[in-house]
Amino acid sequence: MKKVILARISTIKIPGLVSDLVTLGLITDNEISIDGGKVIVSVNVPNKFPGDLEQIKPMIEDKLSGLNEIETLLVVLTSERAPEPVVKPKLRKRPIDAPGADMRPKSAAIPGIRTIIAVASGKGGVGKSTTAVNIALGLRSLGLKTGLLDADIYGPSLPRLMAIDQRPEIKGDRIIPIERYGIKVMSMGFLMQEDNPVIWRGPMVVTALMQMTREVDWGELDVLVLDMPPGTGDAQLTMAQQVPLQGAIIVSTPQDLALIDARKGLKMFKNVDVPIFGIIENMSTFVCPHCGESSDIFGHGGAEEDAKRLGVPFLGAIPLHMDIRENSDLGTPVVVSQADGPHAAIYKNIALKIATRLFPESDDD
Ligand code: ADP
């Protein structure tokens with residue numbers, strides 16, 4: 001079957017390329033995954049690709065459309081090296097007093113999705129994904145139809161954080177998100193082949209993200225939570241500009257270093273005129289699981305002070321607690337596994353602040 005697919009793809013002529021995708025080594029049989037009738041073809045696009053990227057996907061889809069063995073086909077563009085943004089974002093300074101919404105990049109709205117928020121961090125390992133998952137579940141507990149997109153394609157952690165090992169269904173050309181704990185979730189990790197690490201090895205971030213937001217059948221959502229890749233590089237900046245974001249939340253640990261990174265995060269969203277909903281201090285106070293005593297291992301209140309200084313809201317402090325770590329790694333986030341516990345209360349409180357910001361007052365429901 002792989003041979004047939006490769007043979008068909010090798011007949012595609014892409015303007016600007018001296019040879020076909022197979023001969024050029026952009027698609028090998030490693031990059032084709034077949035699971036029953038589900039086929040995923042990943043195209044390994046070099047960094048400096050001379051041809052028109054936009055054409056590749058429809059051309060492959062067209063070529064393979066006649067194969068009866070294929071029930072569902074997903075074509076993804078990946079890149080081996082550090083990803084470059086497909087579109088270089090233009091940085092614009094918002095003139096004083098101009099309403100933010102008017103100046104925001106004109107990224108097309110996604111049908112069915114009322115609002116999108118990004119959860120970001122200046123660097124990895126600060127608990128961004130854990131926070132994003134629990135906030136999404138907190139939003140859901142408020143009765144909001146919620147989706148969660150793990151856009152951290154360098155290290156997707158959603159499959160682990162929500163204990164999901166199944167593959168999403170693909171219907172027509174749409175990916176059906178997986179439902180867990182009442183929210184719809186999608187992660188690059190769902191499409192990865194554990195035994196085939198070639199897929200998604202350094203994916204082409206922006207193209208991949210666009211596929212994930214726009215080609216996933218989210219249905220009707222009040223809010224889509226985007227778990228951003230850590231850091232503030234070009235890729236993140238482009239995402240912040242390309243996806244129509246209502247606001248961003250920055251997760252930081254109390255350490256100074258993280259706060260410096262967090263400041264970069266703030267600046268990045270400000271540069272593309274995305275409102276900052278606030279900073280969350282994660283791994284704030286350490287609560288001993290044995291004696292219940294609190295200690296400020298990393299210092300405490302740094303993020304709150306910083307938020308004040310920078311004039312952005314402080315959304316809350318989440319303690320460093322074994323229950324959060326254990327449940328996170330078990331795939332049973334505290335907001336659902338200890339729904340009435342103190343940690344869930346903190347996440348829900350933060351979710352409420354976000355929801356109030358997203359849907360102020362008597363918004364239609
Ligand atoms: P990031 O997305 O920033 O890389 P993760 O959410 O994957 O970070 O978290 C990194 C590790 O820290 C995970 O093992 C997670 O369980 C743990 N963790 C995150 N937040 C907390 C917390 N408040 N208390 C205890 N452990 C936490």
Side-chain angles (χ1 to χ4, degrees), residues 117-138 148-164 180-181 185-189 192 205 209 225-233 235-236 239 248-255 257-262 264-266 268 279-290 292-304 314-338 341-351:
I117 54 166
V119 178
S121 65
K123 62 168 195 169
V126 301
K128 171 185 53 61
S129 297
T130 302
T131 309
V133 165
N134 281 295
I135 284 178
L137 292 166
L148 174 61
L149 172 61
D150 181 4
D152 188 351
I153 49 191
Y154 302 117
S157 44
L158 209 67
R160 174 176 52 89
L161 293 177
M162 297 192 94
I164 296 172
R180 179 64 50 103
Y181 308 129
V185 295
M186 183 60 208
S187 167
M188 304 290 168
M192 273 181 174
V205 191
L209 181 84
V225 179
L226 204 63
D227 181 6
M228 297 272 285
T232 50
Q236 287 82 350
M239 272 188 199
I249 291 132
I250 309 282
V251 180
S252 171
T253 58
Q255 294 101 311
L257 191 66
L259 285 175
I260 291 165
D261 288 320
K264 284 191 213 151
L266 289 176
M268 175 177 86
I279 294 182
I280 296 173
E281 183 175 78
N282 189 36
M283 308 191 189
S284 180
T285 297
F286 172 69
V287 184
C288 173
H290 307 295
E293 197 172 303
S294 305
S295 348
D296 294 336
I297 293 182
F298 302 120
H300 169 55
E304 186 161 12
F314 180 69
L315 294 175
I318 300 156
L320 175 68
H321 198 284
M322 193 64 124
D323 285 350
I324 299 179
R325 217 269 312 140
E326 276 178 358
N327 280 291
S328 198
D329 294 344
L330 280 172
T332 53
V334 280
V335 168
V336 286
S337 59
Q338 301 180 357
H343 308 310
I346 297 172
Y347 287 117
K348 285 180 187 171
N349 186 270
I350 294 173

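Note that ligands are numbered from 1 as they come in the structure, with each ligand's atoms numbered from 1 the same way.
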Mind checking whether P230 has a heavy atom under 4.0 Å from ligand 1? no

Could you walk me through whether R160 and S157 pass the side chain to side chain contact (heavy atoms under 4.5 Å, CB included) check? CA-CA 5 Å; R160 174 176 52 89; S157 44; 3.6 Å; yes

Is the shortest N/O to N/O distance between G124 and ligand 1 below 3.5 Å? no

Between R160 and ligand 1, which part of the residue brings a heavy atom under 4.0 Å of the ligand: side chain, backbone, both or neither? side chain

Under 3.5 Å: N/O of L320 near N/O of ligand 1: no

Quick look: N282 vs ligand 1, heavy-atom contacts under 4.0 Å, and the answer is side chain

Geometric N/O contact T130 with ligand 1, under 3.5 angstrom: yes

Qualifying residue, where the test is side chain to side chain contact (heavy atoms under 4.5 Å, CB included) with L315 and the options are T131, I249, I279, I250: I249

Under 3.5 Å: N/O of P319 near N/O of ligand 1: yes

Please work out, at 4.0 Å between heavy atoms, whether the side chain, the backbone, both, or neither of D329 comes within that distance of ligand 1. side chain

Please assess M228 against V119 for the test side chain to side chain contact (heavy atoms under 4.5 Å, CB included), listing each intermediate value before the final yes or no. CA-CA 6 Å; M228 297 272 285; V119 178; over 6 Å; no

Closest to atom 12 (O) of ligand 1 by heavy-atom distance, out of K128, M322, M283, M228, is M283

Are the side chains of I280 and F314 in touch, meaning some heavy atoms are under 4.5 Å apart? no

Between S129 and ligand 1, find which residue part has any heavy-atom pair under 4.0 Å and reply side chain, backbone, both or neither. both

Hey, does the side chain of N134 reach the backbone of Y347 with a donor-acceptor pair shorter than 3.5 angstrom? no

Take every heavy atom of S284, measure it against each atom of ligand 1, and state whether any distance is under 4.0 Å. no

Donor-acceptor contact below 3.5 Å, side chain N349 vs main chain A345: no

I135 and A351: which non-hydrogen atoms are nearest, and at how many Å? O-CB, 4.0 Å

Closer than 3.5 angstrom, by distance alone: can the side chain of N282 be matched with the main-chain N or O of V126 as a donor-acceptor pair? yes

Report the part of H321 in contact with ligand 1, treating N, CA, C, O as backbone and CB onward as side chain, heavy atoms under 4.0 Å; options are side chain, backbone, both, neither. backbone

